[in-house]
Amino acid sequence: MFKEVSSQFTFAEKEKQILEFWRENDIFQKSMEIYKDAPPFVFLEGPPFANAPPGVHHVLARIMKDAVCRYKTMTGHYVHRKAGWDTHGLPVEYQVEKQLNITNKAELEAYGVQNFIEKCKENVFQYEQDWRQMTERIGFWVNLDEAYITLSNDYIESVWWVLRQAWDKDLLYQGHKVQPYCYRCGTTLASHEVALGYQEVADPSIFVRFPLKNKENTYLLVWTTTPWTLPSNVAVAVGEDYDYVAVEEGDGRHLILAKECVPGLFGDEPPQIVENYKGEDLCDWEYEPLFDGGQHPEMSHYIVSGDFVTTTEGSGLVHIAPAFGQDDYEIGQKHGLPLVQLVGPDGRFVPEVKDVWAGEYVKDADPKIIENLDGRGLLFKAAEYTHQYPFCWRCDTPLLYYARESWFIRTTAIRDQMHQHNQQINWYPEHIKDGRFGNWLENNIDWGLSRERYWGTPLPVWVCDDCGDPHCVGSIAELKELGTDVPDDIELHRPYVDDVVLDCEKCGGTMHRVQDVIDCWFDSGCAHTAQWHYPFENKEMLEQAYPADFISEAIDQTRGWFYSLLATGTLLYDKPAYKNCLCLELIMGPDGQKMSKSRGNTVDPWTILNGQGADAMRWYMFTATTPWTPRAFKTEGIDEALKKFMGTLQNVYSFFVMYANLEQVDVLQDAPPVSERATVDRWILSRLHTLIDRVRDEMENYHLTNAPRAIEAFVDDLSNWYVRRSRDRFWGAEAGPDKHAAYATLYEVLVTVTKLAAPFVPFLADELYRNLVCSLNTEAPLSVHLAEYPVADVPLKDAQLEADMDFTREVISMGHAARNRSGIKTRQPLAEITLGGLSDAEKATVNRLADLIHDELNVKAIAFTENLDAFAQVTLKPNFKVLGPKYGKGVQAIAKAFASADAVALKAELEAAGSLQVEASGETYTLEPSEVDVQTQNREGFFVEADARKFVALSTELTHELTLEGLAREFVNKIQNMRKEADFNVSDRIKLSLDTTSSLVDEAFQVHQDYILRETLTTVVVDTPGENAFTVAQKLNGEPATLSVEQV
RNA sequence: GGGCUUAUAGCUCAGACGGUUAGAGCGCGCGCCUGAUAAGCGCGAGGUCCCUGGUUCGAUUCCAGGUAGGCCCA
């Protein structure tokens, strides 16, 4: 016996019970243990931050990972599922600063680095409980209790080891780089951080006269949008190949600028050109520094050539300040120009500057500098310039491009290897490989690793105070060996490691650590190694678990985690870090706009989890769209998943359980072999095994949308065709082979579908499985997640039968349409349908499945006709696909000829002669039958449904017999309704009485009495109804009849 | 500004090696069923396949250029 299936439940409640069951029985642990010795499938979890509550996009990522892992487990793999937490980095510091009301580094230092670090540790797990609850509730099986945590000593030690490997390979170096810098945060920003903060702003746009040396009254016209960098100017760049001119300004002064820029700057009154130059002519010309203090030991203030110079904006002369621009810095290196840095790390002019803007914040200095230049007659023009400018994504401070000392990983040295490894990765969707990710690798620059911050993995580089020799420490053991008085339980964070001093091996001097911490992307990028505390522990583990088979994160990780994993993996092992990468797109709000609090279009996952439940949310996310398409998240979509798929499956399941219990059928016994079962049985089993192959194929290719969509289509067929066509086999029928076949078939199908769907809807699947399987077999695995994924039984697949069924259903659908048009209800039997336009093979198909058509359309006979014209409107069209390649242009002429010809006559000619002569554009074409398409269309006034090439026509004439039979069906229908209204039980036997003045009704009742009594469980027919009888005056097809029913 | 990507019915999505009647679900309308009932079924109406140009006998499909959305980068 199966457990009764109540109709009083919510999926969400059931899910909670299943969760309880999983917990109590350690199902997750068991699902790993049973495959302990099986081939591993390596999943690597991308660590999230737990300092904010999880959102729907996290749910998306987690269920995708979960479905793959569950599938791989069920197909016989050991899938270790270690969770991870990302913990370091600026976002955490920023939150803590806000909480403590700290706005700059000085305040932070005053508060105390140690205190600050401790606060960061708390902050980082602020929402861990939320994450745990969400993770469990959505059914994401991952082991949170053995999570790797990037702030742990073990993890950091492994990262240090990785850095040491880079150091030993000369891939870790210190350099200068102009970097986007936030003076408020006191740190440079990584490129992906910069990208977060572009805003449109208006900056000053000024054209300045630079006085030339040795050329009276002649000036270079130089453009800049950052006046504050002018005091640090050391050169001016021109384009070698551009044309430059000196123009007369009107007051005797001459201005040199690019020829192409003249119209833009002088407009309608073109100045007089007094001289022409090529860019290269101007090189090495010297000019006067704009401000005092502009003298340097190195040669400076002359014209150089730069390939970045354009004439589309500005003047074709570019001001060079190597400390404040990447191009500037590079050209400075090339020419040995001095690095003039008149701005401090606090974003203010250094006190050494003698001008009024000393100590000023640079953007505030802009107007003063402009005023100064204007006062000296050096300002040619000042305006505003609107452009995209980066701001600090945390504090909204405009970033400065600023040369800082910085540490780098020389990724450019391994670019080719990274490219090769990328080629070996399967990307989903595929275009990421050579598109977004490939492009990014091609344009790779060295990884700016260091951050001048506090909360992160400390850069393990110590530098000697005396001789300046640097050393990179690769382990705690080494630290203790080289350091003096290193505490036994040293914590590898600032400020603790800052206190450790080493003895210099070169000169015996004292070494202090470089103050920087590292980019937290490097932390998570080491996950493949550091999660195992490799190489200090788990040596054999790494060999097994590298590279990962599968990772999945959102697409914004292309330049984040996807990259950092690949870079570190290439650096360490010269192998790709992962084999398959599923890139998820972002989730938009219901309005299709990016989800954000400020827009108010966020969706709280808990509302859904507590309402429709986790499975519904999962199913929606899997099936609504491919995960790599940005999706608008709609709760109506979840309702649809709930009704369409889960509701349907649940209904079939409860239908099965209800009758299996009622009829006491032993589904495991007495089932005839499949070959002896009914056609519908063989059909649904064939469909099932085709489905198994399909789902496996899709899953092997990480098509997590196609697989469940195929399951959904199957369940629809199961419910709306198999069960619908087989209903009476389950309850009315005598016990016997056919009844057993029906039960056995539906049982097999349900159990198999349950397993197929388990990776996607783990709760519902287990609910069904445990009742269907575990109720009968105590030896069976406790949970569907411990069961094996179905394997197709190839001999059960019957492609012909499936195609036949598709065709038959198409015919039936057209028959329904014709009936609808006729207005004759399905309950009324009709004598015949006529089918036209069918091939011989199709006729054979119809004959094979004729029973289905008879039943479904309630017709007595099926006839075929070749006389299409008698029922439908016939047209002839050339078969373009065949004729196109053959006749080219002629096709259009033939089409025209067909359009104006008499289709019926042409068709007759074609049939009589076996071919067709067509005159078109003066030529005669001979067409074979295969080159002509006969098409049909509905014709008015017939109960006919035609599609492009066939039709179904209905005979609507009713004989006396058919009328009586229709009435009999009416009887049954009305009586059944009355039973229900009177609240009788399904199995109650009744007394029936009939009172009618219609001889037709009376005759129908007499002729079909057996049928009527059987269908309505009537045991006694009485002349006069009893006192308690339930009596209704009915109309049966318009004929009066008063019916009474009463329980026996 | 550059790269990648998307654009098909009111909504969410399929699809077509280029072939002349482009599909599904939801929603809507009409009807059916009532022994699967927080149901179920059938039918119908909905489309300039984003725009413009090109290639072709034929383009919604291929190519180019736009427009709009998304992501990434400057």
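Each chain gets a letter, A, B and so on, in the order its sequence line appears, and its residues count up from 1.
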Open item on the list: Taking syn as a glycosidic torsion within 90° of 0 and anything else as anti, which one is G46(B)?
Closed with: syn
Open item on the list: Using only modelled atom types and a 3.5 angstrom limit, is any donor from either the side chain of Ser719(A) or the base of A36(B) paired with an acceptor on the other?
Closed with: yes
Open item on the list: Between C1' on U20(B) and CD on Glu931(A), what's the gap in Å once rounded to a whole number?
Closed with: 17 Å
TODO: Name all stems that contain residues of RNA chain B, defined as runs of 3 or more consecutive Watson-Crick or G-U wobble pairs, both distances under 3.5 Å.
DONE: B:1-7 with B:67-73, B:10-13 with B:23-26, B:28-32 with B:40-44, B:50-54 with B:62-66
Open item on the list: Below the 4.0 Å mark, does U21(B) have OP1 or OP2 next to a side-chain nitrogen or oxygen of Lys877(A)?
Closed with: yes
TODO: Check every strand shown and say whether Gly637(A) touches a base, only sugar-phosphate, or nothing at a heavy-atom separation below 4.0 Å.
DONE: nothing
TODO: Decide, yes or no, whether a salt bridge links Arg809(A) with Asp717(A) under the criterion of side-chain N to carboxylate O below 4.0 Å.
DONE: yes
Task: Polar contact flag, side-chain donor to acceptor under 3.5 angstrom, Asp639(A)-Gln612(A) - done: yes
Open item on the list: Under a 3.5 Å distance rule, please check whether Arg819(A) uses its side chain to pair with a backbone N or O of Met814(A) as donor and acceptor.
Closed with: no
- [ ] Between Glu945(A) and Asp556(A), name the one whose nearest nucleotide on RNA chain B is closer to the 5' end.
- [x] Glu945(A)
Task: Distance, P atom - from U55(B) to U5(B), rounded to whole angstrom - done: 26 Å
Open item on the list: Using atom C1' in both nucleotides, what's the gap between A45(B) and C28(B) to the nearest angstrom?
Closed with: 9 Å
TODO: Under 4.0 Å between any heavy atoms, over every strand shown, what does Thr936(A) touch: base, sugar-phosphate, or nothing? Just pick one.
DONE: base
Task: Residue Ile555(A), side-chain heavy atoms: nucleotide from C71(B), G35(B), C11(B) that is nearest - done: C71(B)
- [ ] Starting from P on C41(B), measure out to NZ on Lys643(A) and report it in whole angstrom.
- [x] 10 Å
Open item on the list: In whole Å, I'd like the distance from the CG atom of Leu586(A) to the P atom of C4(B).
Closed with: 20 Å
- [ ] Select base, sugar-phosphate, or nothing to describe what Gln976(A) touches, counting heavy atoms under 4.0 Å on all strands.
- [x] base
TODO: Would you indicate what Thr625(A) reaches in the nucleic acid, counting non-hydrogen atoms under 4.0 angstrom: base, sugar-phosphate, or nothing?
DONE: sugar-phosphate
- [ ] Using the P atom on both, measure A22(B) against G46(B) and round to a whole Å.
- [x] 13 Å
TODO: Determine the contact category for Phe9(A): base if any of its heavy atoms lies under 4.0 Å from a base atom, sugar-phosphate if only primed atoms, P, OP1 or OP2 are that close, otherwise nothing.
DONE: base
TODO: Spell out, as yes or no, whether a donor-acceptor pair under 3.5 Å connects the side chain of Asp519(A) to the backbone of Trp521(A).
DONE: yes
TODO: Using a heavy-atom cut-off of under 4.0 Å over every strand shown, decide if Asn879(A) touches base, sugar-phosphate, or nothing.
DONE: nothing
Open item on the list: Output the rounded distance in Å from CD (Gln1034(A)) to P (U34(B)).
Closed with: 12 Å
Task: Sidechain-backbone polar pair: Thr936(A) side chain, Phe951(A) backbone, donor-acceptor under 3.5 Å - done: no
- [ ] Given ring pair (Phe, Tyr, Trp, His ring centres under 6.0 Å), test Phe11(A) with Phe9(A) step by step and report yes or no.
- [x] CA-CA 7 Å; Phe11(A) 286 111; Phe9(A) 72 95; 5.2 Å; yes
Open item on the list: Less than 3.5 Å apart, any donor N or O on the side chain of Asn771(A) or Tyr653(A) sitting next to an acceptor on the other?
Closed with: yes
TODO: Could you give the distance separating G58(B) and G54(B) at their C1' atoms, to the nearest angstrom?
DONE: 15 Å
- [ ] Could you tell me whether the side chains of Asp434(A) and Trp427(A) share a donor-acceptor contact shorter than 3.5 Å?
- [x] no
Open item on the list: Please classify the nucleic acid contact of Leu1017(A) as base, sugar-phosphate, or nothing, using heavy-atom distances under 4.0 Å.
Closed with: base
- [ ] Could you pick out which residue, Asp716(A) or Thr626(A), lies toward the 5' side of RNA chain B when each is mapped onto its nearest nucleotide?
- [x] Thr626(A)
- [ ] Counting heavy atoms from C-beta on, name the nucleotide in A39(B), U20(B), G42(B) closest to the side chain of Asn820(A).
- [x] G42(B)
Open item on the list: For C73(B), does the base pair up with any side-chain atom of Arg559(A) as donor and acceptor (N or O, under 3.5 Å, distance only)?
Closed with: no
Open item on the list: Expressed as a whole number of angstroms, how long is the span from Lys644(A):NZ to C41(B):P?
Closed with: 7 Å
Task: Heavy-atom donor-acceptor pair, Arg727(A) side-chain to A36(B) base, under 3.5 Å - done: yes
Task: Electrostatic pair Lys950(A):Glu810(A) at N-O distance under 4.0 angstrom - done: yes
TODO: Using a 4.0 Å heavy-atom cut-off across all strands, classify Val882(A) as base, sugar-phosphate, or nothing.
DONE: nothing
Open item on the list: Does Arg819(A) reach a base, just sugar-phosphate, or nothing at all? Heavy atoms under 4.0 Å.
Closed with: nothing
Task: N or O in side chain of Asn439(A) less than 4.0 angstrom from C4(B) OP1/OP2 - done: no
